[in-house]
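Step one of this worksheet: look at the structure below.
The residues of the chain are indexed from 1 along the displayed sequence.
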Amino acid sequence: MLSGDRRRPRKGAVAEVPLERGLVLESADEGFCGAVVSWDKQAVTLEDRGGRRRVFDLEPAAFLVDGRPATAVRPSAAPSGPARSASGSIAVQGARSRVARESRIYVEGVHDAELVEKVWGHDLRVEGVVVEYLEGVDHLPEIVAEFGPGARRRLGVLVDHLVPGSKESRIAEQVSSPGVLVAGHPFVDVWQAVKPSVLGFSAWPEVPRGIPWKEGVLRALGSDEEPGEAWRRILGSVRTYADLEPELLGRVEELIDFVTAAEGLQD
């Protein structure tokens, strides 16, 4: 009874069920039951009645369908429409990465860069846009001056917690120019741009002032993970743009449009 999962069949073949949106699966290991919302080569994302999402590996006999063991498999039929990238744009099949533009997008830190790469990486490579990180915005005026933005050499900057009266908003005002676009979301940290339902809870906890935000969030959620470990789990739960809040989606798209529109302009 204690060796392995007694809910999975030990012998014999089980039925294979092609994945499709809305198909209800129950995890044979954990009992989580939900409808299929997306999948990739290795995993499927389920959403339960409460809007919570969980990601499960596509392993043999990993699920129950109508109470019976089943192996969920990717559908063999080709999709009827054009392939889409994680950002929702039409994927360019077989395209090589474009030579990098002079224009750049800067983000605050490593986590921001990793999230942008995961969702918009395909689009950025097709457009030849490089994303770099700043390790904070305190020295943004000096960084902008060193970059030397112009009509054909634009700089887009994604900033956390860009709200009226914040330190970030005051710094953004200092670097405003036709060659620079500072776009920001209202979240204290880019973690909050991931929908909490994707991670299995209803809302990101409120953290009192004076407490480091990431540590405060993990403590409120009852997690003993280190921030780096927690971020790997958070990032691994993001599959497409649908897993992110619109406040981030709009700003990243705006920055990509801004820096790619520079081509063909004259200084």
Side-chain angles (χ1 to χ4, degrees), residues 40 82-162 168 171-187 189-194 231 234-236 238-267:
D40 58 22
R84 297 280 174 175
S85 70
S87 71
S89 65
I90 296 177
V92 180
Q93 302 296 328
R96 294 183 178 181
S97 297
R98 180 174 177 166
V99 175
R101 299 172 186 262
E102 289 188 63
S103 299
R104 292 286 188 273
I105 292 177
Y106 284 178
V107 298
E108 283 205 49
V110 176
H111 292 179
D112 308 71
E114 290 176 338
L115 186 59
V116 169
E117 162 61 27
K118 182 152 191 183
V119 176
W120 288 273
H122 172 82
D123 310 58
L124 294 168
R125 283 184 286 277
V126 169
E127 295 292 346
V129 177
V130 174
V131 175
E132 302 180 16
Y133 63 90
L134 303 168
E135 297 184 347
V137 296
D138 290 345
H139 302 292
L140 185 58
E142 294 91 333
I143 292 170
V144 170
E146 181 180 355
F147 181 83
R152 298 188 61 209
R153 182 179 168 82
R154 291 184 172 184
L155 180 61
V157 185
L158 180 67
V159 176
D160 298 342
H161 198 231
L162 190 64
E168 290 80 5
I171 293 174
E173 292 172 359
Q174 296 177 41
V175 301
S176 177
S177 75
V180 179
L181 174 64
V182 179
H185 54 74
F187 309 118
D189 190 277
V190 76
W191 287 20
Q192 284 184 296
V194 178
W231 171 245
I234 294 168
L235 185 64
V238 174
R239 301 292 174 179
T240 72
Y241 71 97
D243 296 328
L244 303 181
E245 299 289 0
E247 292 89 340
L248 175 69
L249 296 174
R251 302 295 74 74
V252 175
E253 297 286 353
E254 185 179 1
L255 290 171
I256 294 174
D257 289 344
F258 176 75
V259 298
T260 55
E263 192 165 286
L265 298 177
Q266 298 296 319
D267 285 314

Quiz item: For the side chain of Q192 and the backbone of F187, is there at least one donor-acceptor N/O pair under 3.5 Å apart?
Solution: no
Quiz prompt | Contact summary for L115 and V190, nearest pair of heavy atoms | solution = CD2-CG2, 3.7 Å
Quiz item: Closest heavy-atom contact between H185 and E247?
Solution: CB-O, 3.9 Å
Quiz item: Would a distance-only check, ignoring hydrogens and angles, find a side-chain to backbone donor-acceptor pair under 3.5 Å from R104 to R101?
Solution: yes
Self-check item: Minimum heavy-atom distance V259-S103, with the two atoms named
Solution: O-OG, 3.6 Å
Quiz item: Nearest 0.5 Å, what's the CH2-CD1 distance between W120 and I105?
Solution: 10.0 Å
Quiz item: Could you go step by step and tell me if E117 and R125 meet the salt bridge (Lys or Arg N to Asp or Glu O under 4.0 Å) rule?
Solution: CA-CA 10 Å; E117 162 61 27; R125 283 184 286 277; 2.8 Å; yes
Practice problem: Of all the heavy-atom pairs spanning L248 and L244, show the shortest one and how long it is. | Solution: CD2-CD1, 4.1 Å
Quiz item: For Y241, which residues count as a side-chain contact (heavy atoms from CB on, under 4.5 Å) partner, sequence neighbours excluded?
Solution: V119, L249
Practice problem: Flag yes if more than 12 heavy atoms outside E142 fall under 6.0 Å of its CD atom; otherwise flag no. | Solution: yes
Self-check item: Contacts of type side-chain contact (heavy atoms from CB on, under 4.5 Å), residue F258, not counting sequence neighbours
Solution: R154, L181
Quiz item: Of the non-hydrogen atoms in L134 and I143, which two are nearest, and what is the gap between them?
Solution: CD2-CD1, 3.7 Å
Practice problem: List the atom of H161, the atom of E168, and the distance in Å for their closest heavy-atom pair. | Solution: O-OE1, 3.5 Å
Exercise. Name all residues meeting the ring pair (Phe, Tyr, Trp, His ring centres under 6.0 Å) criterion together with F147; count only those two or more places apart in sequence or in a different chain, and write none if there are none.
Key: none
Self-check item: Full working for side-chain contact (heavy atoms from CB on, under 4.5 Å) between Y133 and D112
Solution: CA-CA 8 Å; Y133 63 90; D112 308 71; over 6 Å; no
